[in-house]
Amino acid sequence: MVVKTDVDGVYCLFSIEHQSTIYKNMVIRYGNYEMTEYLKQLKNKKLKRLVPQVMIVFYTGDKKWNTPLELNDYFDIPEELKEYVNDWNIKVVDVKEIDTSKIKNEQTRYFIEAIQEMYKGNYEGLHRRIKMNRDNFIYAAIITGSLDLIRDLPEGDEIDMCEGTERRRKTRKENCITIIESKIRERIKSTRTSDTK
């Protein structure tokens, strides 16, 4: 996703790449994106100067990002050559580590918090008396692989997280009781069968 914007009177490009998995060559891919864009700008006769780019990897995977963030991490560089080898680095924003208190938009904050709680397996952490955009909740469940959370969602644009959590808790309890009752019946049946032999 690329957005054109004005920062203090300077025209800039902001690029965001969504990664749900760790890609070990991300620095090289990003370097390629940036240089390709700058080469394209050089052909534009209307531009007097190159337009700066801010590129960010928005990572939503369940593991910690553990691959290089700098081009120099790919090399074994002799100490005396380090200052002559150009470096390239990327900025990775891990959804699990975002401080949501800094997010002003309420629905965006709920979306990020839902992803964080789902990854922790803390479904009770979703139990808040808030109205969350239904689609955002579905996207959070898809991103985290928590598809069981969206099976019995109520209709409408918003869902009441408190009500939704209560419904899931009740369903789980009913399922648990059904399983226990089934096991008891099996046990009684097998006991009667062995008694008749």
Side-chain angles (χ1 to χ4, degrees), residues 1-8 10 12-37 51-75 77 82 86-151 153 157-162 164-165 168-169 172:
M1 182 174 70
V2 180
V3 178
K4 299 174 185 176
T5 189
D6 181 296
V7 179
D8 295 332
V10 178
C12 302
L13 288 175
F14 280 82
S15 304
I16 297 174
E17 168 119 2
H18 173 224
Q19 278 291 128
S20 58
T21 58
I22 296 168
Y23 180 58
K24 65 177 182 178
N25 297 324
M26 199 67 195
V27 177
I28 294 165
R29 182 198 283 179
Y30 248 45
N32 185 41
Y33 287 166
E34 282 198 59
M35 277 303 165
T36 301
E37 172 59 30
V51 176
Q53 298 178 78
V54 175
M55 304 186 85
I56 296 169
V57 177
F58 184 64
Y59 172 60
T60 58
D62 59 338
K63 297 180 175 69
K64 187 172 177 61
W65 188 273
N66 58 3
T67 63
L69 298 175
E70 298 181 5
L71 185 61
N72 282 347
D73 290 337
Y74 291 89
F75 309 131
I77 309 171
K82 274 192 177 177
N86 288 328
D87 199 3
W88 207 283
N89 60 59
I90 60 172
K91 306 288 185 237
V92 175
V93 175
D94 189 330
V95 71
K96 299 182 296 301
E97 297 173 4
I98 293 174
D99 179 358
T100 58
S101 67
K102 296 179 181 177
I103 300 174
K104 292 178 183 175
N105 181 280
E106 189 178 66
Q107 286 302 319
T108 302
R109 187 169 65 251
Y110 293 162
F111 173 60
I112 299 297
E113 287 174 350
I115 292 173
Q116 291 175 341
E117 297 299 342
M118 287 176 189
Y119 268 138
K120 289 176 190 170
N122 182 16
Y123 302 117
E124 296 308 311
L126 297 170
H127 186 214
R128 295 190 180 151
R129 297 187 181 278
I130 57 173
K131 297 283 186 185
M132 183 173 177
N133 179 288
R134 186 175 190 274
D135 287 344
N136 283 351
F137 187 81
I138 291 170
Y139 297 147
I142 290 169
I143 285 169
T144 59
S146 307
L147 299 180
D148 63 315
L149 295 177
I150 58 177
R151 285 195 188 115
L153 278 185
D157 292 337
E158 287 187 330
I159 54 173
D160 185 317
M161 296 302 295
C162 178
T165 305
R168 280 189 298 280
R169 184 187 290 132
R172 283 183 186 143

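This is a predicted model, so every value here is computed, not measured.
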Donor-acceptor contact below 3.5 Å, side chain [X] vs main chain [Y]:
| X | Y | result |
| --- | --- | --- |
| D87 | L71 | yes |
| K104 | R109 | no |
| E37 | V51 | no |

* **Nearest atoms (heavy-atom pairs only) where D73 meets P68** =>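 In this case the closest contact between D73 and P68 is CB-CB, 3.7 Å.
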Would you give the length of the straight line joining atom [atom1] of [X] to atom [atom2] of [Y], rounded to the nearest 0.5 angstrom?
| X | Y | atom1 | atom2 | result |
| --- | --- | --- | --- | --- |
| I115 | I142 | CD1 | CD1 | 11.0 Å |
| I16 | K91 | CD1 | NZ | 14.5 Å |
| Y30 | Q53 | OH | CD | 9.5 Å |

State, with a plain yes or no, whether a side-chain heavy atom of [X] is found less than 4.5 Å away from one of [Y].
| X | Y | answer |
| --- | --- | --- |
| M118 | I143 | no |
| I103 | F111 | no |
| I90 | L69 | yes |
| W88 | E34 | yes |

* Heavy-atom count around Y139 OH within 6.0 Å, excluding the residue itself: above 12? ->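 12 or below, so no.
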* To do: I would like to know whether E106 and Y110 meet side-chain hydrogen bond (donor to acceptor under 3.5 Å, both in side chains); could you show each step before the answer?
  => CA-CA 6 Å; E106 189 178 66; Y110 293 162; 3.1 Å; yes
* **side chain to side chain donor-acceptor pair (under 3.5 Å) partners for N66, two or more places apart** =>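 By the side chain to side chain donor-acceptor pair (under 3.5 Å) rule, N66 matches no residue at all.
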Considering only distance and modelled atom types, tabulate donor-acceptor pairs under 3.5 Å from the side chains of residues 18-27, sequence neighbours left out.
unit_1, atom_1, unit_2, atom_2, d
H18, NE2, T60, OG1, 2.7
Q19, OE1, R29, NH1, 3.1
Q19, NE2, T21, O, 2.8

